[in-house]
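Order of listing sets the numbers, starting from 1, for every ligand and every atom in it. This chain uses plain numbering: 1 for the first residue, then up along the sequence.
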Amino acid sequence: MGADIDAHDADAPIFAPRAFRLSDSDADLIARARGFGRRVLAPRAAGHDRDATFPIENFRDMHRERLLGICIPREHGGTGAGFRTYCLAAAEFGRYCGATALSWNMHVCSTLWSGALADDLEMSADDRGAHRARREAHYRRILDDGAVYSQPFSEGGAGAAGVVAFGTEARPVDGGFVVNGKKIFASLSGAADYYGVLCTERREGAAASRRNTLYLAVPAGAPGVSVTGDWDPLGMRATVSRTLLFRDVFVPEDAMLMPRGVYFLAATRWPHMFLTLSPTYMGLAQAAFDFTVRYLRGEMPGTPPVKRRMFPTKQIAVAEMHIQLEQTKALWFQAVSEACANPSKEQVLRAYAAQFTVMENANAIAAKAIRTCGGQAMLKSLALERIFRDSRCGALMLPWTAEICLDRIGRDALYEAGETDE
Ligand SMILES: Cc1cc2nc3c(=O)[nH]c(=O)nc-3n(C[C@H](O)[C@H](O)[C@H](O)COP(=O)(O)OP(=O)(O)OC[C@H]3O[C@@H](n4cnc5c(N)ncnc54)[C@H](O)[C@@H]3O)c2cc1C
């Protein structure tokens, strides 16, 4: 190769706009996310990972650059990105700081689920009107004040897997609800301004039902809200996902991020809503591959310019990683492109397959990157070992863990709705 040939571009778009037929406006927004990731997120990632501290300054910068409102509908003053556009932008974040991308996802979902998803679902005219008025207030807080929302649903039981009703409960009272319960692994705990709590509305004497799930924005400073426990995990350390306790927390009815019954409707009719944890890991898979190419070419900043690419074993490993990455991209791009209300069974199975593939392959590619690049590449002074640790977390994320995806694909591929072997 001649010296005049450009270095490998480790910051090229994951999904090239022309090849993936993206519109100009989508390509611009995704490029903006990529630029933000490289310029703002990457330099801060190692420090927050080391100290397990939350990168709140990233969210302040996102507010300044109007990225907190990426999925707020245009009619409310936001950017109005749809599901796929958001996923592609979030994947670009994931390349530079997995923990920020994952936390940003929790925030953005509060606007995507209450915005484009809710607009796709049936509700009465009264509910629709009340919902628009309520979400306008939430969106104004985000757009005007830079408010950050999180999304605690995990409880350490079967609620987060969607099997039973959430154990966190909201008792209806005059003017609102009183919330009691506990959420574990709550990313942005202690940093978010509002916790978007999934809980079960429970009237006196009524049985708990998933149909009565409420999605409430609980102010972090409300009396009765506390953050507890340590946070010293393997990966995604900067998400600071500690435990949240709610003890007799009053929230007004305006705290509803979706009208009654609509979260349950969304979970059953708009299942791709749970695919939104995957973009972060799509970005991590790309980052592990890019690291390897750069490193083997002797172009990794902070390392001596030693080339290792001439060894056939390295070339074979890179070929295998490339194939795995392209398989992951192709399946994931299809799944995020076809997300919609009332998808076919085939589309839902593909969404599970995409989630499984991204989560498992991100870690497999990162593991192979370490083996291929060698010992000097896994020092903490370089990003690869963080990418490896962060990528390990993807398969554990409820409600669509890798195990649950396998479980559902196997069952749903073999049984039609209502079929049994009796
Ligand atoms: C970095 C990070 C950030 C997170 N951030 C958030 C957040 O912001 N909000 C949030 O709500 N959660 C968050 N989570 C939590 C996550 O979704 C899980 O709830 C968490 O990993 C705890 O899981 P557990 O060990 O309690 O799982 P368990 O419920 O004990 O399950 C263990 C495993 O068993 C399998 N399993 C569980 N239920 C079933 C079932 N019904 N059928 C078949 N298999 C099943 C699953 O594979 C699961 O991984 C985060 C997790 C991580 C790692």
Decide whether an N or O pair under 3.5 Å exists between Cys393 and ligand 1.
no
Ranking Gly98, Gly156, Ala161 by closest non-hydrogen atom to atom 26 (O) of ligand 1, top hit is Gly156
Measuring from non-hydrogen atoms of Ser150 to any atom of ligand 1, is the shortest distance under 4.0 Å?
no
Just need the protein heavy atom nearest to atom 19 (O) of ligand 1, so name the residue and atom and give the distance.
Ser154 OG, 2.7 Å
So how far is it from Met258 CE to Leu216 CG, rounded to the nearest 0.5 Å?
12.0 Å
Rounded to the nearest 0.5 Å, how far apart are CD of Glu169 and CG of Leu214?
11.0 Å
closest protein heavy atom to atom 49 (O) of ligand 1 is Thr401 CG2, 3.4 Å
Ligand 1 atoms in contact with Val163 (distance to a heavy atom under 4.0 Å)
41 (N)
Centroid separation Trp104 to Tyr86 less than 6.0 Å:
yes
Checking a contact table here: which protein heavy atom is nearest atom 43 (C) of ligand 1, and how many Å away?
Ile404 CG1, 3.7 Å
For residues Phe15 and Phe333, establish whether the separation of their ring centroids is below 6.0 Å.
yes
Would Arg171 and Glu204 pass as an ion pair if we require N to O under 4.0 Å?
no
Protein heavy atom under 4.0 Å of atom 5 (N) of ligand 1
yes
I'd like to know whether ligand 1 has Pro152 as a neighbour, heavy-atom separation below 4.0 Å.
yes
Contacts of Phe36 meeting ring-ring contact (aromatic ring centres under 6.0 Å, His included) (sequence neighbours excluded), chain-then-number -> Phe93
In the protein, which heavy atom is nearest to atom 7 (C) of ligand 1, and how far is it?
Phe185 O, 3.0 Å
Heavy-atom distances under 4.0 Å decide this one: backbone, side chain, both or neither, for Met397 against ligand 1?
both
Heavy-atom protein contact below 4.0 Å for atom 9 (N) of ligand 1:
yes
Between Glu416 and Lys345, does at least one N-O distance fall below 4.0 Å, as a salt bridge requires?
yes
Lys183, Met236, Glu403: member with heavy atom nearest to atom 35 (C) of ligand 1:
Glu403
Ignoring hydrogens, tell whether any protein atom lies closer than 4.0 Å to atom 17 (O) of ligand 1; use the non-hydrogen atoms only.
yes
Quick one: are the ring centres of His48 and Phe54 less than 6.0 Å apart?
no
Answer yes if the ring centres of Trp231 and Phe185 are under 6.0 angstrom apart, and no otherwise.
yes
Charged N-O contact under 4.0 Å between Arg237 and Asp232:
yes
Could you check atom 31 (O) of ligand 1 against the protein and tell me its nearest heavy-atom contact, residue, atom and distance included?
Leu398 CD1, 5.0 Å
Which protein non-hydrogen atom lies closest to atom 21 (O) of ligand 1, naming both residue and atom, and how far is it?
Leu396 O, 3.4 Å
